[in-house]
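Notes to accompany the following structure.
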Amino acid sequence: MPELPEVETARRGLAPHLVGRRIAAVRVRQRRLRWPVPAGLGRRLAGAAVEALERRAKYLLLRTEAGTVLLHLGMSGSLRLVPAALPPERHEHLDLVLEDGRALRLRDPRRFGAVLWAGRRPEAHPLLAGLGPEPLGPHFHGEHLHRLARGRRVAVKPFLMDARVVVGLGNIYATEALFLAGVDPRRPAGKLSLGRWRRVAEAVRAVLEQALVAGGTTLRDFVGADGRPGWFARELAVYGRAGQPCPRCGTAIRCARLGQRSSCWCPRCQR
DNA sequence: ACTGGCTCCTGAGGGC
DNA sequence: TGCCCTCAGGAGCCAG
């Protein structure tokens, strides 16, 4: 499951191979992703040079001379650079063929991902326009969370996973961050003090940065390499560990559904 | 304005 | 061994 650290790691790995290269063609084998891949993509992109590969939330922004392509990996998507002539495998839905004979190939078995055209002003695209701050950027901190949470009755964990509050936090990282912060995921967001929100913001940052470092080491090379997600290298404290002992105090971890998502926490360490 | 529930899809894992 | 069922998950979208 690509979460923010994986997407950022992918961006860093791929950017040097893409920036400055020209796109020769787009090959679409499966148009039906989360939204249909736009029909005119190949026509728009043919001959355009890649200017940058950026990231906003879990979206990759491939900026070209012609405009920007939005890529989302959903929960099973991955990108790699392959020789353009290499026969595609199952679930490899799309190629951005480069003029240097290689192709950026998207594989996405569950097809929750997306490839969209965002034109000249991608920041104005509806999918990006309403997004909250980057969790590793300067605008994410306890005060921000405290302010947005005022009066909200929703539980802390789904609140943290709301992209209007902060982007890029999936179920795993939200779960782990709340363990690190010592906050019960079921607690109503509006009931947390500023001090506790500061701890949450710090924990979010710590968990993501740790995963980013891990991802950077395991996902160094995107040319033909098969990526392992950043959290793979990290020991998960509570996520998916129902009934197992808390790594800090030994109490049995509890799991329950919270806003359609399974949540795990230590009943003793998290209040 | 919020909140919760639904949806897309496939592969993994459990039960028998 | 194999089949069937259930579930997980990102996040937009909609109904109440």
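Labels below follow one simple rule: chain letters A, B, ... track the order of the sequence lines, proteins then strands, and each chain is numbered from 1.
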Is atom [atom1] of [X] surrounded by more than 12 heavy atoms (other residues, nucleotides or ligands) closer than 6.0 Å?
| X | atom1 | answer |
| --- | --- | --- |
| A:R31 | CZ | yes |
| A:R153 | CZ | no |
| A:E134 | CD | yes |

| query | Can you check whether A:F112 stacks with the C:dG10 base, using ring centres under 5.5 Å and planes within 30°? | reply |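 Here the ring of A:F112 and the base of C:dG10 are stacked, with centres under 5.5 Å and planes under 30°.
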
Spacing between [X] atom [atom1] and [N] atom [atom2], to the nearest angstrom:
| X | N | atom1 | atom2 | value |
| --- | --- | --- | --- | --- |
| A:R153 | B:dG4 | CZ | P | 9 Å |
| A:L258 | B:dT3 | CG | P | 13 Å |
| A:F159 | B:dT3 | CZ | P | 9 Å |
| A:H72 | B:dC8 | NE2 | P | 19 Å |
| A:I172 | C:dA11 | CD1 | C1' | 15 Å |
| A:R257 | C:dT6 | CZ | C1' | 11 Å |
| A:D108 | B:dG11 | CG | P | 11 Å |
| A:M75 | C:dA11 | CE | P | 11 Å |

| said: Using only modelled atom types and a 3.5 angstrom limit, is any donor from either the side chain of A:R110 or the base of C:dA8 paired with an acceptor on the other? | reply: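 Between C:dA8 and A:R110, which were checked side chain against base, a qualifying N/O pair under 3.5 Å is present.
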
[options]: which one has an atom nearest the side-chain heavy atoms of [X]?
| X | options | value |
| --- | --- | --- |
| A:M161 | C:dG10, B:dT3, B:dG5 | C:dG10 |
| A:Q260 | B:dT3, B:dG5, B:dG11 | B:dG5 |
| A:R32 | B:dC9, C:dG10, B:dT3 | B:dC9 |

| Residue-phosphate contact under 4.0 Å: A:H91 side-chain N/O, B:dC9 OP1/OP2 |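 Answer is no, no contact under 4.0 Å.
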
| request: Kindly say if A:R90 contacts the phosphate of B:dG11, meaning a side-chain N or O under 4.0 Å from OP1 or OP2. | output: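 It does, given that an N or O in the side chain of A:R90 lies less than 4.0 Å from OP1 or OP2 of B:dG11.
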
| Any cation-pi pair here, A:R248 with A:F179, using under 6.0 Å and within 45°? |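 Here A:R248 passes the 6.0 Å and 45° test against A:F179.
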
Students often get this wrong, so: under 4.0 angstrom with heavy atoms, is [X] touching a base, only sugar-phosphate, or nothing?
| X | value |
| --- | --- |
| A:R111 | sugar-phosphate |
| A:R152 | sugar-phosphate |
| A:Y59 | sugar-phosphate |
| A:L127 | sugar-phosphate |

| Comparing A:A155 and A:R261 on DNA chain B - which has the more 5′ nearest nucleotide |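 The residue closer to the strand's 5' end, by nearest nucleotide, is A:A155.
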
| field | A:H72 and A:Y59 aromatic ring geometry - parallel, tilted or perpendicular at 30°/60° bounds | value |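 The rings of A:Y59 and A:H72 stand perpendicular, inter-plane angle above 60°.
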
